[in-house]
Amino acid sequence: MSQRLVRVRFAPSPTGPLHMGGVRTALYNYLFAKQHGGTFVLRVEDTDQTRFVKGAEEYIINALKWCGIAPDEGQGFGGDFGPYRQSERKPLYRQFADQLVESGHAYYAFDTAEDLERVRDLAKKAGTANWQYNHVTRGSMKNSLSMPKAEVDKKIANGDPYVIRIKLPRNEEVKLNDLVRGWVSVNTNNMDDKVLFKSDGMPTYHLANIVDDYHMKISHVIRGEEWLPSAPLHVLLYRYLGWEDAMPQFAHLPLLLKPDGNGKLSKRDGDRLGFPVFPLEWHNSENGEVFSGYRENGYFPEAFVNMLAFLGWNPGTEQELFALDELIEAFRLERVNKAGARYDHDKTRWFNQQYLRAKSNEDLAPLLKAAAQEEGLKADEPYCAQVAGLMKERAFFVKDMLSEGRYLFEKPKDFDEKTLRKKWNAEARGHVSNLKTIFENLDSFTASALEAAFKEYLQQQEVGFGKVGPGFRLAVTGKGMGPSMFEICALLGKEETLNRLETALAELPQ
RNA sequence: GGCCCCUUCGUCUAUCGGCUAGGACGCCAGGUUUUCAUCCUGGAAAGAGGAGUUCGAUUCUCCUAGGGGCUGCCA
């Protein structure tokens with residue numbers, strides 16, 4: 001193939017929020033475009049007016065932006081090939097349907113929805129294979145192939161509703177060379193005369209996507225595997241429209257599967273199994289239903305994108321952590337897997353943990369500060385940076401640092417019951433009391449000074465850390481576990497630490 | 001049912017005819033740690049089944065089985 005400008009498109013239908021499978025398709029399109037210095041286009045496929053969902057288009061755009069894979073061109077982003085909503089391109093399609101009728105590759109069909117339902121029903125009851133509108137059945141249906149021309153003309157002049165169907169040839173192998181699957185071949189005998197143009201004046205997906213891809217000079221169609229069965233139909237449309245030379249290359253991506261059981265990942269799986277399936281939280285304005293999102297659950301977009309990239313693709317090396325620009329560099333359509341990939345939530349959490357750790361305390365500080373503020377807790381950024389330094393090794397999310405280290409923001413409200421029961425006794429109490437006195441006299445309240453004083457005390461008392469540490473931790477933090485107590489006390493400061501020791505001695509059981 | 005696609009540890013996957021089948025997540029054990037987490041070390045864990053091609057098949061071909069997708073005037 002000659003060097004052709006790479007132009008790819010992501011073409012969702014605005015029938016609801018974009019789920020992670022769709023995001024992955026968009027991501028692969030984005031990566032492919034960027035790697036080739038090409039253009040990533042967003043086209044909205046809203047030819048089915050009955051399935052329009054308010055807010056969906058905006059959601060899709062916001063989701064792509066959050067992921068950092070915003071289109072270069074398309075709905076909401078401008079460009080020279082617009083409009084990018086198919087509903088606004090309506091006048092464009094009809095002529096191509098007509099062209100196909102004229103060239104004998106399509107025909108008018110007057111069968112009503114009820115007619116079709118009846119004949120399908122009949123076939124079903126007879127126990128035969130699914131009824132199809134095809135070369136064997138079209139002769140007995142109401143269409144411009146089975147009816148006299150005069151009658152057809154009359155019906156059209158009359159304004160009777162009709163659709164335009166493709167007329168598939170008999171027994172013809174249609175082949176396409178898929179970039180991820182290699183050669184795929186289907187015989188036209190196994191395909192049906194798909195509707196290209198609906199009675200409401202809109203094209204179906206099949207016609208619209210070919211017409212638009214052609215006019216938008218799309219070079220590669222990267223989409224989900226659910227389109228594979230209709231890809232041969234699309235090849236035929238390019239051929240019949242005379243655009244075969246400009247036909248894009250196809251790449252059909254494996255599906256994202258449910259973590260449990262069978263089938264592709266669906267929007268209900270997430271909240272059923274305890275993970276988001278959507279990048280952003282979605283509020284259904286019709287029924288008030290809410291679906292959780294990765295963003296709201298505290299995931300970093302980089303982690304989410306990294307995880308998605310690896311569901312169905314891998315670089316062939318052992319590197320797993322990839323920044324977006326590294327993905328752009330490494331991504332190869334040829335290395336996309338053929339089999340469906342099951343989503344693994346633990347792995348997603350792990351990715352987030354890796355990204356959390358890779359961030360500096362200073363980068364984490366504003367995020368932690370914001371999280372604290374939401375809980376009504378106050379702390380400045382430098383302080384939050386120190387908290388991050390202490391807590392990030394034991395956190396998956398920013399919010400974990402807050403929940404695990406809440407005592408760094410406010411006095412403990414309650415004390416861990418198990419630690420209280422097991423570690424808090426007269427002896428522990430005595431040690432805490434002694435330590436309070438020692439710490440009161442400390443000039444330098446640094447972690448190392450505290451540690452030195454603490455260890456000296458242990459030596460002098462001839463006791464092990466285990467006898468003193470847990471009670472001390474409980475008194476200061478209310479918890480039985482956590483980071484170094486010396487670091488914690490140093491961070492809290494002398495006044496606060498002593499204050500807490502005093503409170504604990506006064507309030508904890510004797 | 002028909003058609004198309006797919007099939008390596010529980011999961012994501014590496015392997016492009018020579019394998020003691022590698023890595024990651026998760027899991028288990030040990031070590032480090034006052035504790036928890038981290039970290040380190042180790043472990044269990046896979047080529048759906050059957051034919052064929054070949055000196056040699058996880059790798060190529062076929063069959064079977066299983067899984068998935070499609071089968072709408074939805075995309």
Side-chain angles (χ1 to χ4, degrees), chain A residues 11-15 45-48 50-51 86 109 111-113 116-117 120 123-124 127-133 161-165 178 180-182 184-187 189-192 194-206 208-209 223-232 252 254-255 257 259 262-264 307 310-321 335 337-351 353 357 391-396 400 404 419 423 454-455 458 464-474 479-485:
Chain A
S13 125
T15 54
E45 310 235 328
D46 57 348
T47 52
D48 186 354
T50 65
R51 296 213 308 158
Q86 289 184 327
D111 319 276
T112 63
L116 294 169
E117 200 179 324
R120 286 197 177 104
K124 197 168 198 170
T128 56
N130 267 11
W131 185 86
Q132 291 202 308
Y133 210 118
Y162 62 88
V163 301
I164 296 173
R165 286 181 181 273
D178 188 277
V180 339
R181 283 153 209 284
V184 174
S185 167
V186 181
N187 190 293
N189 287 348
N190 296 316
M191 297 162 62
D192 61 343
K194 282 268 184 297
V195 171
L196 301 177
F197 201 85
K198 302 188 270 190
S199 58
D200 67 357
M202 285 293 256
T204 60
Y205 169 84
H206 301 295
N209 108 83
R223 72 223 309 187
E225 189 186 356
E226 68 266 31
W227 294 110
L228 194 53
S230 52
H252 288 94
L255 265 14
L257 273 18
N262 305 326
K264 64 174 172 178
M307 174 279 293
F310 270 74
L311 276 181
W313 168 85
N314 81 86
T317 65
E318 287 183 356
Q319 183 184 349
E320 288 198 278
L321 266 14
R335 288 200 65 89
N337 285 96
K338 296 180 181 74
R342 217 171 279 278
Y343 172 74
D344 180 353
H345 193 52
D346 281 328
K347 188 85 183 226
T348 309
R349 288 169 50 80
W350 176 81
F351 271 112
Q353 184 189 34
R357 272 190 215 165
M391 302 304 300
K392 75 177 174 189
E393 290 296 302
R394 59 199 72 221
F396 284 80
D400 293 345
E404 292 292 308
T419 313
K423 304 287 183 184
F454 194 102
K455 296 231 158 119
L458 291 182
F465 209 121
K467 290 281 181 200
V468 185
F472 181 62
R473 178 184 296 282
L474 184 73
K479 297 218 170 213
M481 58 187 83
S484 157
M485 275 313 295

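In what follows, chains are A, B, ... by sequence order, proteins preceding strands, each numbered from 1. This is a predicted model, so every value here is computed, not measured.
Ranked by how close their nearest RNA chain B nucleotide is to the 5' end, D46(A) and K338(A) are led by K338(A). Taking the nucleotide of RNA chain B with the nearest heavy atom to each of K198(A) and W350(A), the more 5' of the two is matched to W350(A).
Contact annotation for T317(A): no contact, since no heavy-atom pair falls under 4.0 Å across all strands. Within 4.0 Å of M485(A), counting heavy atoms only, lies at least one base atom of the nucleic acid. G224(A) comes within contact range of no nucleotide atom at all, as no heavy-atom separation falls under 4.0 Å. Counting any heavy atom pair closer than 4.0 Å across all strands shown, Y205(A) reaches a base atom. Using a 4.0 Å heavy-atom distance criterion, V163(A) is classed as a base contact.
Closest to the side chain of A341(A), from the set A75(B), U13(B), C25(B), is U13(B). Comparing A24(B), C12(B), C5(B) by their nearest atom to the side chain of V184(A) picks out C5(B). Closest to the side chain of D344(A), out of U34(B), U11(B), C73(B), is U11(B). Relative to the side chain of T47(A), the nucleotides A75(B), U38(B), C73(B) differ in distance, and A75(B) lies closest. When distances run from any side-chain atom of A339(A) to the nucleotides A75(B), U71(B), C6(B), the shortest one goes to C6(B). With A75(B), U71(B), C73(B) as the candidates, the nucleotide lying closest to the side chain of K194(A) is U71(B). Checking G72(B), C25(B), G69(B) against the side-chain heavy atoms of D346(A) singles out C25(B) as nearest. The side chain of V186(A) has C3(B) as its nearest neighbour among C73(B), A14(B), C3(B). Considering only side-chain atoms of S13(A), the nucleotide from C5(B), U11(B), A75(B) that sits closest is A75(B). Checking U34(B), C73(B), U35(B) against the side-chain heavy atoms of M481(A) singles out U35(B) as nearest.
Comparing the C1' positions of G30(B) and C6(B) gives an interatomic distance of 41 Å, to the nearest angstrom. With both ends at atom P, the span from U58(B) to U8(B) equals 15 Å, rounded to whole Å. Separating the C1' atom of C19(B) from that of A14(B) is a span of 13 Å, rounded to the nearest Å. For the C1' atoms, the distance linking C36(B) with C16(B) amounts to 46 Å, nearest Å. Rounded to a whole angstrom, the distance from the P atom of C12(B) to that of A48(B) is 14 Å. Across G2(B) and C63(B), the matching P atoms stand 15 Å from one another, rounded to whole Å. A distance of about 24 Å separates the P atoms of C55(B) and G49(B), rounded to the whole Å. Of the P atoms belonging to C60(B) and G18(B), the separation is 11 Å, rounded to the nearest Å.
A29(B) and U41(B) make up a base pair, with Watson-Crick or G-U wobble contacts both under 3.5 Å. When both pairing distances are held under 3.5 Å, G1(B) makes a Watson-Crick or G-U pair with U71(B). In this structure, A65(B) forms a base pair with U7(B), meeting either the Watson-Crick or the G-U wobble geometry with both donor-acceptor distances under 3.5 Å.
Side-chain N/O atoms of R181(A) and base N/O atoms of C5(B) include no donor-acceptor pair closer than 3.5 Å. Below the 3.5 angstrom threshold, one finds no donor paired with an acceptor across the side chain of R357(A) and the base of U38(B). Judged by atom type and distance alone, T204(A) does not reach the base of C73(B) through any side-chain donor-acceptor pair under 3.5 Å.
Between N130(A) and C3(B), a side-chain N or O to OP1/OP2 separation shorter than 4.0 Å is absent. Side-chain nitrogen and oxygen atoms of R349(A) include none within less than 4.0 Å of the OP1 or OP2 phosphate oxygen of C25(B). Note on K264(A): a side-chain N or O is less than 4.0 Å away from OP1 or OP2 of C70(B). OP1 and OP2 of C74(B) both lie 4.0 Å or more from every side-chain N or O belonging to T15(A). Contact between the side-chain N/O atoms of R335(A) and the OP1/OP2 oxygens of U15(B) is found at a separation under 4.0 Å. Between A14(B) and N314(A), a contact under 4.0 Å exists linking OP1 or OP2 to a side-chain N or O. For the OP1/OP2 pair of G72(B) and a distance below 4.0 Å, the side-chain nitrogens and oxygens of R51(A) include no atom meeting the criterion.
Contact record, R223(A) with A231(A): NH1-CB, 4.1 Å, taken as the closest heavy-atom pair. In plain terms, the two heavy atoms of W313(A) and N337(A) that are nearest each other are N-OD1, 4.1 Å. The shortest heavy-atom contact between L311(A) and R342(A) is CD2-O, 3.8 Å.
Aromatic rings from F197(A) and Y162(A) are positioned such that their centres are separated by 6.0 Å or more.
As rounded to whole Å, 16 Å separates atom P of U11(B) from atom CD of E320(A). As rounded to whole Å, 11 Å separates atom P of C5(B) from atom CG of N190(A). The separation between F465(A) atom CZ and C36(B) atom C1' is 13 Å, rounded to whole Å.
Side-chain contact between V186(A) and M191(A) is present, with at least one heavy-atom pair separated by less than 4.5 Å.
A salt bridge links K347(A) to E320(A): one of the charged nitrogens lies within less than 4.0 Å of a carboxylate oxygen. With salt bridges taken as basic N to acidic carboxylate O contacts below 4.0 Å, none links K479(A) and E404(A).
With hydrogens and angles ignored, the 3.5 Å screen pairs a side-chain donor or acceptor of K198(A) with a backbone N or O of T47(A).
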